[in-house]
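One structure is given below, encoded as structure tokens.
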2 protein chains.
Amino acid sequence: MKRLSTIGIYRLALYNRCLSSLDRCDHEYVSSQELANVTGGIATQVRKDLTCYGKLGEPGKGYEIGKLKRMLINIFGKDKVRNVILVGVGNLGMALIAYKGFELQQFKIVAAFDNDMRKIGRHFDGVSINDIRDLKATIASLNAEIAIVSVSTSSAQEVINELVSAGIKSILNFAPARVSVPKEVELHNVDLSIELDKLYYLLKNSR
Amino acid sequence: MKRLSTIGIYRLALYNRCLSSLDRCDHEYVSSQELANVTGGIATQVRKDLTCYGKLGEPGKGYEIGKLKRMLINIFGKDKVRNVILVGVGNLGMALIAYKGFELQQFKIVAAFDNDMRKIGRHFDGVSINDIRDLKATIASLNAEIAIVSVSTSSAQEVINELVSAGIKSILNFAPARVSVPKEVELHNVDLSIELDKLYYLLKNSR
DNA sequence: TGGTGTGAACCGATTCACAGCA
DNA sequence: TGCTGTGAATCGGTTCACACCA
């Protein structure tokens, strides 16, 4: 069972989400062609993606939706609850706490951190805002493994260092900074201005 | 001059940002090796990326920073101001309007739209919030080409249809929905829950 | 010597073509 | 007949090796 490529994981996640929005019973079937139509790919690729976790399609019928959902939940480890914390309760941090897309996927931000005294001790959308100095202790007590970082560029590396030493294994970083982590820690960057750069490029070099 | 792959554009944008943070004069030089160190790649790749727009490195010295910057600004069409509009002034929309990373890259959101009467006519962070019913007229008068969509999943397709018919060429969509656009329109999706899905996967399948 | 530019080799991912099963 | 699963062919991007230049 090999580790998938980033793009492979992405497509699997996409199938997962499309299944949820398919208004069909769990015991009904969906074909690779249909899944391809919804995700903008081709049927062969969908099949290749799905078969690397064992054969679960039925020739002539397709994939049983319930079975497929269970497989995907298992692949992503969503059967187990994982606590997510967030550092940096600015505009973006608040938006992420309140983000509706997370609820649908059973993600739960269990605590937030900031260094602004006016925010510490308060709640936002049901999530308590803690003193960043309590990061390590709180992470330990919550047994959190995933952190979302939405602090300023200048403090990103420092915050991430603390997260790593507190035992965080995976980090989703929104600060537009190149930060480094030990290789056993997973770091994903979401860089909004680079996304806009891409659009600029495509506009300038449009077909 | 061929169109680059998505990942190629991404790296170019990354080089661009790293140059800004390099505290060195524009007339000094940077080597491909150095650029690779900062961006986490290898020197050969940096050179391959840069040479597809003509030779501008100098053997034995490297790339003149000012020249490289100008080339990148040109590649991304940032020499020309492009007006960006935003639809959906919820938590995420507000965070995007206030996002500091955009300023650094000369991106400017010139108008926002919403359908909430309590928001329409007000300003947020210097950006006026307009009635979504005025979308077409306002886009035309501002000559906007890029739109950021941060509306709910259920209204994403409808809003995007309107944007397309109003002449928008590039869309950055934050709604976790698969939406379709005519093929001449560029659509990029930023899907936050899929980013978390990836972290879940990596955590479950860690090395 | 220290760097760039680039053809060639490599590698992984995508697509094709088709065997096989209900 | 309709759809899956998969080896083979293909494609494109990455890396290597080295020619070349200041």
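What you see is a predicted model, and the numbers here were worked out from it, not measured in a lab. Chain naming here is simple, since letters A, B, ... match the order of the sequence lines and numbering starts at 1 in each.
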* **Euclidean distance, atom CD1 of residue Ile42(A) to atom C1' of dA17(C) [Å, nearest integer]** => 12 Å

* Asked: Does any donor atom in the side chain of Thr138(A) or Ser141(A) lie under 3.5 Å from an acceptor atom in the other side chain?
  -> no

All N/O contacts under 3.5 Å from nucleotides 3-7 of chain C to the protein, with atom names and distances to one decimal?
residue : atom : partner  : partner atom : Å
dT4(C)  : OP1  : Ser32(B) : N            : 2.7
dT4(C)  : OP1  : Ser32(B) : OG           : 3.2
dT4(C)  : OP2  : Ser32(B) : OG           : 2.6
dT4(C)  : OP2  : Arg47(B) : NH1          : 3.4
dG5(C)  : OP1  : Leu56(B) : N            : 3.3
dG5(C)  : OP1  : Gly57(B) : N            : 3.0
dG5(C)  : OP2  : Tyr63(B) : OH           : 2.7
dG5(C)  : N7   : Arg47(B) : NE           : 2.8
dG5(C)  : O6   : Arg47(B) : NH2          : 2.9
dT6(C)  : OP1  : Lys55(B) : NZ           : 3.4
dG7(C)  : O6   : Lys48(B) : NZ           : 2.9

* **Side chains of Lys198(A) and His188(B) in contact at under 4.5 Å (non-hydrogen atoms)** => yes

* Using whole Å, report how far OH of Tyr10(A) lies from P of dA13(C). => 17 Å

* Does a donor on one side chain sit under 3.5 Å from an acceptor on the other, for Glu58(A) and Tyr29(A)? -> yes

* Asked: Atom CD of Glu34(A) and atom P of dG2(D): how far apart are they, to the nearest Å?
  -> 15 Å

* Asked: Whole Å only: how far is the OH atom of Tyr53(A) from the P atom of dG5(D)?
  -> 15 Å

* Asked: Nearest-Å distance, CD1 (Ile7(A)) to P (dG12(D))?
  -> 15 Å

* Do the non-hydrogen side-chain atoms of Tyr63(A) and Arg47(A) ever get within less than 4.5 Å of each other? -> yes

* Enter the distance from Lys136(A):NZ to Ser165(A):OG here, rounded to the nearest 0.5 Å. => 3.5 Å

* To do: Please report, rounded to the nearest Å, how far the P atom of dA17(C) is from the CD atom of Gln45(A).
  => 17 Å

* What's the OH-P distance between Tyr15(A) and dT4(D), to the nearest Å? -> 12 Å

* To do: Tell me yes or no: between the side chains of Asp49(B) and Gln45(B), is some donor less than 3.5 Å from an acceptor?
  => no

